[in-house]
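Following: one structure in C-alpha coordinates, then a few remarks.
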Amino acid sequence: MKRTTVFAAALALLTACGPMYENSAAKGFLAVVQQRVAGLTGGGGAAAPAAPVLTRAQVDANPGAFLLVTAYGGNSVASLVVASTNGNRVTWLSADNVAVTLENGIIVATRGFPRDLIAVDARGVRAAIAAGGGNAQRIHETITDLDQISQEVLQCSIALTGSESIEILGKTTPTRRFEESCRGERTAFSNTYWVATGGAIIKSSQAVAPATGFLVLERP
(Lines give C-alpha, C1' and ligand atoms only; values in the text may rest on other atoms or scores of the structure.)
Protein backbone atom coordinates (compact mmCIF):
# COMPACT_ATOMS: atom_id res chain seq x y z
CA MET A 1 0.00 0.00 0.00
CA LYS A 2 1.35 3.40 -0.92
CA ARG A 3 1.72 6.12 1.69
CA THR A 4 -0.78 8.37 -0.11
CA THR A 5 -3.41 5.63 0.16
CA VAL A 6 -2.87 5.37 3.91
CA PHE A 7 -3.19 9.12 4.30
CA ALA A 8 -6.42 9.13 2.27
CA ALA A 9 -7.85 6.47 4.57
CA ALA A 10 -6.93 8.57 7.59
CA LEU A 11 -8.65 11.59 6.10
CA ALA A 12 -11.78 9.55 5.43
CA LEU A 13 -11.85 8.47 9.05
CA LEU A 14 -11.53 12.04 10.23
CA THR A 15 -14.41 13.32 8.13
CA ALA A 16 -16.62 10.37 9.07
CA CYS A 17 -16.15 10.48 12.83
CA GLY A 18 -19.15 11.05 15.07
CA PRO A 19 -19.70 13.34 18.08
CA MET A 20 -16.65 14.98 19.54
CA TYR A 21 -16.33 12.76 22.61
CA GLU A 22 -17.73 9.55 21.13
CA ASN A 23 -14.25 8.11 20.49
CA SER A 24 -12.57 9.04 23.75
CA ALA A 25 -8.84 8.40 23.81
CA ALA A 26 -9.31 6.69 27.16
CA LYS A 27 -11.29 3.94 25.41
CA GLY A 28 -8.79 2.83 22.80
CA PHE A 29 -5.80 5.10 22.43
CA LEU A 30 -3.39 2.23 23.06
CA ALA A 31 -4.67 0.29 20.02
CA VAL A 32 -3.65 2.73 17.32
CA VAL A 33 -2.33 2.82 13.79
CA GLN A 34 -1.41 -0.87 13.65
CA GLN A 35 -2.92 -1.38 10.21
CA ARG A 36 -1.44 1.90 8.96
CA VAL A 37 2.05 0.92 10.11
CA ALA A 38 1.67 -2.47 8.42
CA GLY A 39 0.48 -0.80 5.22
CA LEU A 40 3.22 1.78 5.13
CA THR A 41 5.90 -0.86 5.52
CA GLY A 42 4.55 -3.26 2.92
CA GLY A 43 2.71 -5.55 5.31
CA GLY A 44 -0.37 -5.68 3.11
CA GLY A 45 -2.95 -7.93 4.72
CA ALA A 46 -0.57 -9.34 7.32
CA ALA A 47 -1.67 -9.32 10.93
CA ALA A 48 -0.97 -6.09 12.82
CA PRO A 49 1.59 -6.16 15.64
CA ALA A 50 0.33 -6.70 19.17
CA ALA A 51 1.27 -3.15 20.20
CA PRO A 52 1.61 0.10 18.24
CA VAL A 53 5.42 0.01 18.26
CA LEU A 54 7.05 2.23 15.67
CA THR A 55 10.56 1.38 14.55
CA ARG A 56 13.37 3.52 13.19
CA ALA A 57 13.28 1.47 9.97
CA GLN A 58 9.61 2.34 9.46
CA VAL A 59 10.30 6.01 10.07
CA ASP A 60 13.31 6.10 7.76
CA ALA A 61 11.29 4.42 5.02
CA ASN A 62 8.50 6.98 5.40
CA PRO A 63 10.09 10.30 6.47
CA GLY A 64 7.64 12.77 7.95
CA ALA A 65 4.83 10.21 8.04
CA PHE A 66 4.44 9.82 11.80
CA LEU A 67 3.79 11.79 14.96
CA LEU A 68 4.35 9.96 18.25
CA VAL A 69 1.93 11.08 20.97
CA THR A 70 2.17 10.10 24.63
CA ALA A 71 -0.81 10.88 26.87
CA TYR A 72 -2.04 10.32 30.41
CA GLY A 73 1.37 10.46 32.02
CA GLY A 74 2.83 7.82 29.72
CA ASN A 75 -0.02 5.30 30.00
CA SER A 76 -1.05 5.75 26.37
CA VAL A 77 1.30 5.93 23.39
CA ALA A 78 0.17 6.23 19.77
CA SER A 79 1.54 6.80 16.30
CA LEU A 80 -0.52 9.29 14.31
CA VAL A 81 -0.50 9.89 10.56
CA VAL A 82 -1.31 13.00 8.55
CA ALA A 83 -5.03 13.42 7.89
CA SER A 84 -5.03 16.87 6.29
CA THR A 85 -2.82 19.91 5.70
CA ASN A 86 -3.94 23.53 5.46
CA GLY A 87 -1.03 25.92 5.11
CA ASN A 88 1.06 25.66 8.28
CA ARG A 89 -1.64 23.59 10.00
CA VAL A 90 -1.36 19.82 9.97
CA THR A 91 -3.98 17.51 11.45
CA TRP A 92 -2.67 14.17 12.69
CA LEU A 93 -5.04 11.23 13.26
CA SER A 94 -4.95 7.99 15.24
CA ALA A 95 -6.74 4.79 14.28
CA ASP A 96 -9.50 5.49 16.82
CA ASN A 97 -10.15 9.01 15.52
CA VAL A 98 -8.16 10.97 18.08
CA ALA A 99 -6.93 14.07 16.24
CA VAL A 100 -4.24 16.62 17.06
CA THR A 101 -3.82 19.73 14.91
CA LEU A 102 -0.46 21.50 14.97
CA GLU A 103 0.49 24.89 13.59
CA ASN A 104 4.26 25.06 13.21
CA GLY A 105 4.57 22.47 15.97
CA ILE A 106 2.15 24.16 18.41
CA ILE A 107 -1.10 22.41 19.36
CA VAL A 108 -4.02 24.50 18.07
CA ALA A 109 -6.84 21.93 18.36
CA THR A 110 -7.61 18.42 19.58
CA ARG A 111 -10.56 16.08 19.08
CA GLY A 112 -11.43 12.85 20.87
CA PHE A 113 -10.02 13.52 24.33
CA PRO A 114 -12.21 13.75 27.46
CA ARG A 115 -11.75 17.53 27.29
CA ASP A 116 -10.58 19.09 24.04
CA LEU A 117 -9.01 22.30 22.86
CA ILE A 118 -11.54 23.57 20.34
CA ALA A 119 -9.23 26.23 18.95
CA VAL A 120 -6.02 28.02 19.93
CA ASP A 121 -4.37 31.19 18.68
CA ALA A 122 -0.70 30.79 19.61
CA ARG A 123 1.02 32.60 16.76
CA GLY A 124 2.96 34.77 19.17
CA VAL A 125 4.40 31.73 20.93
CA ARG A 126 6.00 30.40 17.76
CA ALA A 127 7.35 33.86 16.95
CA ALA A 128 8.89 34.14 20.43
CA ILE A 129 10.58 30.74 20.05
CA ALA A 130 12.00 31.79 16.69
CA ALA A 131 13.31 34.98 18.29
CA GLY A 132 15.07 33.07 21.08
CA GLY A 133 12.50 33.97 23.74
CA GLY A 134 10.03 36.67 24.67
CA ASN A 135 6.42 37.26 25.69
CA ALA A 136 3.27 36.18 23.87
CA GLN A 137 -0.48 35.96 24.23
CA ARG A 138 -2.53 32.81 23.78
CA ILE A 139 -6.28 32.57 23.18
CA HIS A 140 -7.81 29.19 24.08
CA GLU A 141 -11.33 28.01 23.29
CA THR A 142 -12.58 24.97 25.21
CA ILE A 143 -15.92 23.22 25.66
CA THR A 144 -17.71 23.57 29.00
CA ASP A 145 -19.84 21.01 30.86
CA LEU A 146 -22.86 22.72 29.32
CA ASP A 147 -21.45 22.20 25.80
CA GLN A 148 -20.73 25.89 25.45
CA ILE A 149 -17.49 27.30 24.06
CA SER A 150 -15.45 29.15 26.66
CA GLN A 151 -12.64 31.52 25.68
CA GLU A 152 -9.65 32.41 27.84
CA VAL A 153 -6.76 34.79 27.20
CA LEU A 154 -3.42 33.74 28.66
CA GLN A 155 -0.22 35.73 29.02
CA CYS A 156 2.90 33.68 28.37
CA SER A 157 6.63 34.01 28.82
CA ILE A 158 8.98 31.96 26.62
CA ALA A 159 12.61 31.45 27.64
CA LEU A 160 15.57 29.53 26.23
CA THR A 161 16.75 27.25 29.03
CA GLY A 162 19.72 25.57 27.40
CA SER A 163 20.92 22.98 24.90
CA GLU A 164 19.99 19.31 25.06
CA SER A 165 20.49 16.25 22.87
CA ILE A 166 17.34 14.14 22.73
CA GLU A 167 16.81 10.62 21.43
CA ILE A 168 13.72 9.56 19.50
CA LEU A 169 13.56 5.96 18.30
CA GLY A 170 17.30 5.55 18.41
CA LYS A 171 18.16 8.81 16.68
CA THR A 172 19.88 11.53 18.71
CA THR A 173 19.39 15.17 17.73
CA PRO A 174 20.94 18.30 19.28
CA THR A 175 18.27 20.82 20.27
CA ARG A 176 17.63 24.04 22.10
CA ARG A 177 15.12 23.73 24.94
CA PHE A 178 12.47 26.39 25.50
CA GLU A 179 10.10 26.73 28.46
CA GLU A 180 6.77 28.50 28.07
CA SER A 181 4.93 29.64 31.21
CA CYS A 182 1.33 30.77 30.76
CA ARG A 183 -1.29 32.15 33.10
CA GLY A 184 -4.90 33.20 32.63
CA GLU A 185 -7.87 33.86 34.89
CA ARG A 186 -8.69 30.14 35.21
CA THR A 187 -5.64 28.29 33.90
CA ALA A 188 -1.89 28.13 34.41
CA PHE A 189 0.56 25.72 32.80
CA SER A 190 4.10 25.33 31.49
CA ASN A 191 4.99 23.84 28.11
CA THR A 192 8.40 22.64 26.94
CA TYR A 193 9.75 22.63 23.37
CA TRP A 194 12.88 21.03 21.94
CA VAL A 195 13.87 22.86 18.76
CA ALA A 196 16.33 21.40 16.25
CA THR A 197 18.71 23.29 14.00
CA GLY A 198 16.57 24.98 11.37
CA GLY A 199 13.76 25.76 13.81
CA ALA A 200 11.61 22.61 13.71
CA ILE A 201 10.03 21.54 17.00
CA ILE A 202 10.88 17.84 17.13
CA LYS A 203 9.67 17.21 20.67
CA SER A 204 7.32 19.04 23.01
CA SER A 205 5.21 18.68 26.13
CA GLN A 206 2.05 20.74 25.70
CA ALA A 207 -1.00 21.25 27.92
CA VAL A 208 -4.44 20.43 26.53
CA ALA A 209 -6.96 20.69 29.38
CA PRO A 210 -7.16 19.71 33.08
CA ALA A 211 -9.09 16.50 32.34
CA THR A 212 -6.62 15.52 29.62
CA GLY A 213 -3.35 16.86 30.96
CA PHE A 214 -0.26 17.14 28.78
CA LEU A 215 0.59 15.54 25.47
CA VAL A 216 4.20 14.69 24.66
CA LEU A 217 4.70 14.99 20.92
CA GLU A 218 7.71 13.57 19.09
CA ARG A 219 8.63 13.83 15.41
CA PRO A 220 10.77 10.78 14.67
Side-chain angles (χ1 to χ4, degrees), residues 14 59 63-71 78-94 98-113 115-143 149-166 168 171 173-210 212-220:
L14 180 64
V59 171
F66 299 103
L67 175 70
L68 288 176
V69 179
T70 302
S79 303
L80 279 62
V81 296
V82 175
S84 63
T85 302
N86 183 10
N88 292 327
R89 293 195 171 202
V90 180
T91 296
W92 298 83
L93 186 70
S94 78
V98 173
V100 178
T101 300
L102 305 180
E103 183 173 6
N104 295 318
I106 308 292
I107 295 176
V108 293
T110 66
R111 296 294 185 271
F113 289 97
R115 187 74 73 182
D116 279 305
L117 281 175
I118 303 304
V120 175
D121 183 345
R123 289 171 290 182
V125 175
R126 196 63 177 92
I129 292 174
N135 298 316
Q137 178 179 279
R138 280 177 171 264
I139 301 175
H140 283 207
E141 292 184 354
T142 56
I143 199 80
I149 292 179
S150 174
Q151 186 179 94
E152 183 176 16
V153 177
L154 301 103
Q155 304 301 325
C156 305
S157 176
I158 298 92
L160 174 63
T161 58
S163 299
E164 184 176 349
S165 291
I166 61 170
I168 303 175
K171 180 180 178 180
T173 304
T175 68
R176 295 187 300 161
R177 175 174 171 151
F178 289 85
E179 300 287 345
E180 176 194 11
S181 298
C182 297
R183 181 172 295 277
E185 291 185 1
R186 304 183 302 275
T187 308
F189 57 82
S190 294
N191 292 334
T192 306
Y193 307 94
W194 288 265
V195 182
T197 302
I201 297 173
I202 63 170
K203 181 179 179 179
S204 63
S205 173
Q206 301 187 48
V208 175
T212 301
F214 288 79
L215 299 183
V216 176
L217 312 178
E218 295 175 296
R219 292 299 311 275

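- Taking the side chain as every heavy atom from C-beta outward, Gln155 and Gln137 approach each other to under 4.5 Å.
- To the nearest 0.5 Å, atom CD1 of residue Ile168 and atom CZ of residue Arg219 are 9.5 Å apart.
- Taking the side chain as every heavy atom from C-beta outward, Ile118 and Arg111 approach each other to under 4.5 Å.
- Counting heavy atoms from C-beta on, the side chains of Ile201 and Arg126 come closer than 4.5 Å.
- Residues Leu68 and Ser79 share a closest heavy-atom pair of CD2-OG, 3.3 Å.
- Asp116 CG to Thr212 OG1: the interatomic distance, rounded to the nearest 0.5 Å, is 6.5 Å.
- Side-chain contact between Leu217 and Tyr193: absent, with no pair of heavy atoms (C-beta onward) separated by less than 4.5 Å.
- Proximity of Val120 to Arg138: side-chain heavy atoms (C-beta onward) are separated by under 4.5 Å at one or more points.
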Handout entry: Residue pair Lys203, Thr175: steps toward the side chain to side chain contact (heavy atoms under 4.5 Å, CB included) verdict
Key = CA-CA 9 Å; Lys203 181 179 179 179; Thr175 68; over 6 Å; no
Exercise for the section: I would like to know whether Phe178 and Thr161 meet side chain to side chain contact (heavy atoms under 4.5 Å, CB included); could you show each step before the answer? Expected result: CA-CA 6 Å; Phe178 289 85; Thr161 58; over 6 Å; no
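- Checked by atom type and distance alone, the side chain of Thr192 never pairs as donor or acceptor with a backbone atom of Ser205 at under 3.5 Å.
- Counting all heavy atoms, side chain and backbone alike, Ala207 lies closest to Leu117 at O-CD1, 4.0 Å.
- Atom CZ of Arg183 sits in a sparse spot, with 12 or fewer heavy atoms from other residues, nucleotides or ligands closer than 6.0 Å.
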Problem - Residues Leu102, Leu67; criterion side chain to side chain contact (heavy atoms under 4.5 Å, CB included); working and verdict - result: CA-CA 11 Å; Leu102 305 180; Leu67 175 70; 4.2 Å; yes
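- The shortest non-hydrogen separation linking Leu93 to Ala83 is CB-CB, 3.9 Å.
- Between Val208 and Arg115, the closest side-chain pair of non-hydrogen atoms is not below 4.5 Å.
- Here the closest non-hydrogen pair linking Ala136 and Ile158 is CB-CD1, 3.9 Å.
- To the nearest 0.5 Å, atoms CZ (Arg177) and CD (Glu164) are separated by 5.5 Å.
- Atom-to-atom distance recorded for Asn135:CG and Ser181:OG is 10.5 Å, nearest 0.5 angstrom.
- Here the side chains of Val195 and Ile202 are not in contact, with every heavy-atom distance at 4.5 Å or above.
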Exercise for the section: Would you sort out whether Leu154 and Phe189 count as a side chain to side chain contact (heavy atoms under 4.5 Å, CB included), showing the intermediate values? Expected result: CA-CA 10 Å; Leu154 301 103; Phe189 57 82; 3.6 Å; yes
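- Considering every non-hydrogen atom in both Ala65 and Trp92, the closest pair reads O-CZ3, 3.6 Å.
- When atom types are taken as modelled, the side chain of Glu152 and the backbone of Arg186 share a donor-acceptor pair closer than 3.5 angstrom.
- Counting only heavy atoms from C-beta outward, the side chains of Gln206 and Leu215 never approach each other to under 4.5 Å.
- Taking OG of Ser204 as the start and CZ of Phe214 as the end, the distance is 11.0 Å to the nearest 0.5 Å.
- Counting all heavy atoms, side chain and backbone alike, Pro174 lies closest to Ser165 at CA-OG, 3.9 Å.
- With rounding to the nearest 0.5 Å, the separation of OG1 in Thr91 from CG in Leu80 is 10.5 Å.
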